[in-house]
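Down below is the structure, laid out as structure tokens.
These numbers were taken from a predicted model, which means no experiment stands behind them.
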Amino acid sequence: MLEQDKNQYCWCFDGDAGDPQGSIEEAIDDFLNYYGHYCWDEKNDVEYLEQDVLDDYVEIGHPYKYVPEVDGEQVIWRVADDWMDDEIIEYSDDYMRNVKGKHIDELSDELSKVFQAWEKRHGYENSAYVVMKTEQYRIGDYIDSNGNYK
């Protein structure tokens, strides 16, 4: 399942997306760094942004990350049909055939939690993300010409 992380922000431009950042300002700054919009004033030894960049807009949205879910119904079928020993399968026709829907949901929730904890504990989490919906933000509303957050 894809789950939106409303605490993170990513810029999107021309098919690229920035890494998740902790604020809109940080996402804009990441965008400006990625595309090399900062200029250097050697005389004053300072970084700055030109006015036309401040008037530009950038698309920013929340990343969606994959959170695995285990389907309890599929697990029940695998346990009852595929994994059962051949010596007892012919005597087990009714095994797991009348499981209530609420119990399947309960099993799905519990197995998903266990899997997610195991995945996190061993560092197997999926780090990929996708940004599906964005809004436009005017750069100059969030960052000044010196690159400071407003």
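In K120, the NZ atom is not crowded: 12 or fewer heavy atoms of neighbouring residues, nucleotides or ligands sit closer than 6.0 Å. Heavy atoms of other residues, nucleotides or ligands lying less than 6.0 angstrom from CD of E135 number 12 at most. Remark: D52 CG is packed, more than 12 non-hydrogen atoms of other residues, nucleotides or ligands lying under 6.0 Å away.
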Self-check item: Worked check of side-chain contact (heavy atoms from CB on, under 4.5 Å) between K65 and E3
Solution: CA-CA 5 Å; K65 296 181 179 181; E3 191 174 279; 5.8 Å; no

Exercise. Go through the steps to decide whether E73 and V75 satisfy the test side-chain contact (heavy atoms from CB on, under 4.5 Å), and finish with yes or no.
Key: CA-CA 5 Å; E73 186 173 21; V75 171; over 6 Å; no

Self-check item: Residue pair V58, F13: steps toward the side-chain contact (heavy atoms from CB on, under 4.5 Å) verdict
Solution: CA-CA 7 Å; V58 62; F13 181 75; 5.5 Å; no

Exercise. Take F31 and I139 through the side-chain contact (heavy atoms from CB on, under 4.5 Å) test and state the conclusion after the steps.
Key: CA-CA 10 Å; F31 168 76; I139 293 172; 4.1 Å; yes

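With N146 contributing its side chain and N148 its backbone, the two residues share no donor-acceptor pair below 3.5 Å. The backbone N or O of D29 sits less than 3.5 Å from a side-chain atom of N33, completing a donor-acceptor pair. Proximity of a side-chain donor or acceptor of D144 to a complementary backbone N or O of G147 within less than 3.5 Å is detected.
Residues V67 and M132 do not share a hydrophobic cluster, clusters being chains of Ile/Leu/Val/Met/Phe/Trp/Tyr side chains in contact below 4.5 Å. Residues W118 and M1 fall into different hydrophobic clusters, defined by Ile, Leu, Val, Met, Phe, Trp and Tyr side chains chained together at heavy-atom separations under 4.5 Å. In the hydrophobic cluster analysis, where Ile, Leu, Val, Met, Phe, Trp and Tyr join through side-chain heavy atoms closer than 4.5 angstrom, Y35 is grouped together with Y142. Following chains of ILVMFWY side-chain contacts shorter than 4.5 Å, one can reach W83 starting from M96, so the two form part of one hydrophobic cluster. Neither Y66 nor Y124 shares a network with the other; the hydrophobic side chains, linked directly or stepwise wherever heavy atoms of I, L, V, M, F, W or Y lie under 4.5 Å apart, form separate groups for each.
Residues meeting the side chain to side chain contact (heavy atoms under 4.5 Å, CB included) test with Q21, sequence neighbours left out: D19, E26, A27, D30. The ring pair (Phe, Tyr, Trp, His ring centres under 6.0 Å) search around Y34 returns W11, not counting sequence neighbours. A search for ring pair (Phe, Tyr, Trp, His ring centres under 6.0 Å) contacts involving Y9 returns H62, not counting sequence neighbours. A search for side chain to side chain contact (heavy atoms under 4.5 Å, CB included) contacts involving V131 returns C10, C12, T134, not counting sequence neighbours. Partners of Y57 by side chain to side chain contact (heavy atoms under 4.5 Å, CB included), not counting sequence neighbours, listed by chain and number: Q136, R138.
Shortest non-hydrogen contact noted between K150 and G140 is NZ-O, 2.5 Å.
Taking NZ of K100 as the start and CG of D105 as the end, the distance is 13.0 Å to the nearest 0.5 Å. Distance CG/D55 to CG/D141: 9.5 Å, rounded to 0.5 Å. Interatomic distance, I143 CD1 to Y149 OH, rounded to the nearest 0.5 Å: 6.0 Å.
The shortest side-chain heavy-atom distance between E59 and Y137 does not fall under the 4.5 Å cut-off.
Between D71 and R78 there is no salt bridge, since no side-chain N of the basic residue sits under 4.0 Å from a carboxylate O of the acidic one.
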Sequence neighbours left out, cut at 3.5 Å: what donor-acceptor pairs do the side chains of residues 106-116 make with other protein atoms?
unit_1 : atom_1 : unit_2 : atom_2 : d
S108   : OG     : G72    : N      : 2.7
S108   : OG     : I104   : O      : 3.0
S112   : OG     : V70    : N      : 2.8
S112   : OG     : S108   : O      : 2.8
Q116   : NE2    : P68    : O      : 2.6

